[in-house]
Amino acid sequence: MHRVRPATRGLVIAGDQILVTVLTGTTGEYWLTPGGGQDFGEAKVDNVAREVYEETGFRVTVGDLACGRDYIGATHFPAWDSGFHQTELFFWCTLQQDSRQDPVPLPDTAQTDIRWVRVPELIGSPLYPRRLAAWLNEDSRTRPLWLGDVN
């Protein structure tokens with residue numbers, strides 16, 4: 001039986017930059033905002049903080065919900081990801097006041113680095129979901145909360 005995997009992601013903003021993880025996979029190099037699957041019994045806010053720390057070594061304060069999306073693999077990469085469906089909620093995050101980067105404790109298996117990227121430079125970058133790059137550069141008063149099934 002297939003199940004939808006709940007996940008969260010952190011939009012860690014410092015000035016005009018956002019923190020991304022750098023990964024290499026079937027499509028070459030790509031970037032994601034730090035995040036991942038929610039453990040059973042774990043609150044979404046705790047999931048965001050844990051995932052950001054595990055993948056980047058930064059401790060964050062999790063703020064408001066920013067947006068959400070579905071990722072249905074069969075829609076985007078049917079040849080190799082048709083059995084995967086994840087619903088992600090993105091949360092605004094800030095570095096904790098005394099934040100320093102610890103060694104990255106649990107990077108994703110395909111993760112090669114982390115990087116700070118200026119938000120305007122996300123357009124045309126290998127950030128996934130691609131819609132998120134445009135969304136972050138839109139007027140915050142009119143951008144949608146739900147992005148749909150996008151990648």
### Message
Please check: side-chain N/O of Gln38 versus main-chain N/O of Thr8, any donor-acceptor pairing under 3.5 Å?
### Response
no

### Message
Please say yes or no: joined through hydrophobic side-chain contacts below 4.5 Å, possibly via intermediate residues, are Val52 and Leu65 part of one cluster?
### Response
yes

### Task
Provide the closest heavy-atom pair for Cys93 versus Gly10 in the form atom of the first, atom of the second, distance.
SG-CA, 3.8 Å

### Message
So which atom in His85 and which in Thr87 form the shortest heavy-atom distance, rounded to 0.1 Å?
### Response
NE2-OG1, 4.1 Å

#### Entry: Candidates Leu23, Thr21, Thr24 - the one meeting side chain to side chain contact (heavy atoms under 4.5 Å, CB included) with Thr112
Thr24

### Task
Find the distance between CD1 (Ile13) and CD (Gln17) and round it off to the nearest 0.5 Å.
9.5 Å

### Query
Can you name the nearest heavy-atom pair linking Asn47 to Gly36, along with the distance?
OD1-O, 3.3 Å

### Message
Using side-chain heavy atoms (C-beta onward) and a distance below 4.5 Å, is Arg131 in contact with Pro144?
### Response
yes

### Query
Honestly curious: do Leu32 and Leu106 fall in one hydrophobic cluster under the side-chain, below-4.5 Å linking rule?
no

### Task
Please work out which of the three classes, parallel, tilted or perpendicular, describes the rings of Tyr128 and Tyr30, given edges at 30° and 60°.
perpendicular

### CZ-CG distance between Arg69 and Asp149, expressed to the nearest 0.5 angstrom
8.5 Å

### Task
Working to the nearest 0.5 Å, report the span between CG of Asn151 and CZ of Arg130.
8.0 Å

### Nearest non-hydrogen partners of Glu29 and Pro126, listed with the distance
O-CB, 3.5 Å

### Query
In terms of hydrophobic clusters joined by side-chain contacts under 4.5 Å, are Phe91 and Val150 together?
no

### Query
Does Thr56 offer a backbone N or O that forms a donor-acceptor pair with the side chain of Gln101 under 3.5 Å?
yes

### Query
Phe77 and Thr27: side chain to side chain contact (heavy atoms under 4.5 Å, CB included), yes or no, with the steps?
CA-CA 10 Å; Phe77 299 108; Thr27 60; 3.9 Å; yes

#### Entry: Ile18 CD1 to Leu136 CG distance, which is reported to the nearest 0.5 Å
5.0 Å

### Task
Please confirm whether the backbone N or O of Ala7 pairs with a side-chain atom of Gln86, one donor and one acceptor, at under 3.5 Å?
no

### Gln97 atom CD, neighbour heavy-atom count above 12 within 6.0 Å
no

#### Entry: Asp70 (side chain) donor-acceptor with Ile72 (main chain) under 3.5 angstrom
no

### Query
With a cut-off of 6.0 Å (strictly less than), are more than 12 heavy atoms of other residues, nucleotides or ligands near CZ of Arg100?
no

### Query
CG of Asp102 to OH of Tyr53: how many Å apart, nearest 0.5 Å?
3.5 Å

#### Entry: Same apolar cluster: Tyr71 and Leu127, side chain cutoff 4.5 Å
no

### Query
Atom CD of Gln96 and atom CZ of Arg59: how far apart are they, to the nearest 0.5 Å?
7.0 Å

### Query
Between Pro78 and Ser82, which heavy-atom pair has the shortest distance, and what is it?
O-CB, 3.5 Å

### Query
What class does the angle between the rings of Trp135 and Trp92 fall in, given that below 30° is parallel, 30 to 60° is tilted and above 60° is perpendicular?
parallel

### The single option from Val12, Val104, Ile114 passing side chain to side chain contact (heavy atoms under 4.5 Å, CB included) against Phe58
Ile114

### Task
Carefully, step by step, assess Ser125 and Val117 under the rule side chain to side chain contact (heavy atoms under 4.5 Å, CB included).
CA-CA 10 Å; Ser125 76; Val117 180; 5.9 Å; no

### Task
Would you check, one step at a time, whether the test salt bridge (charged side-chain N to carboxylate O under 4.0 Å, His left out) holds for Glu121 with Arg115?
CA-CA 12 Å; Glu121 294 171 2; Arg115 188 175 299 159; over 6 Å; no

### Query
Cluster question for you: counting only ILVMFWY and a side-chain heavy-atom cut-off of under 4.5 Å, with indirect links fine, are Leu11 and Leu145 together?
no

### Query
Can you name the nearest heavy-atom pair linking Gly68 to Phe90, along with the distance?
CA-CD1, 4.3 Å

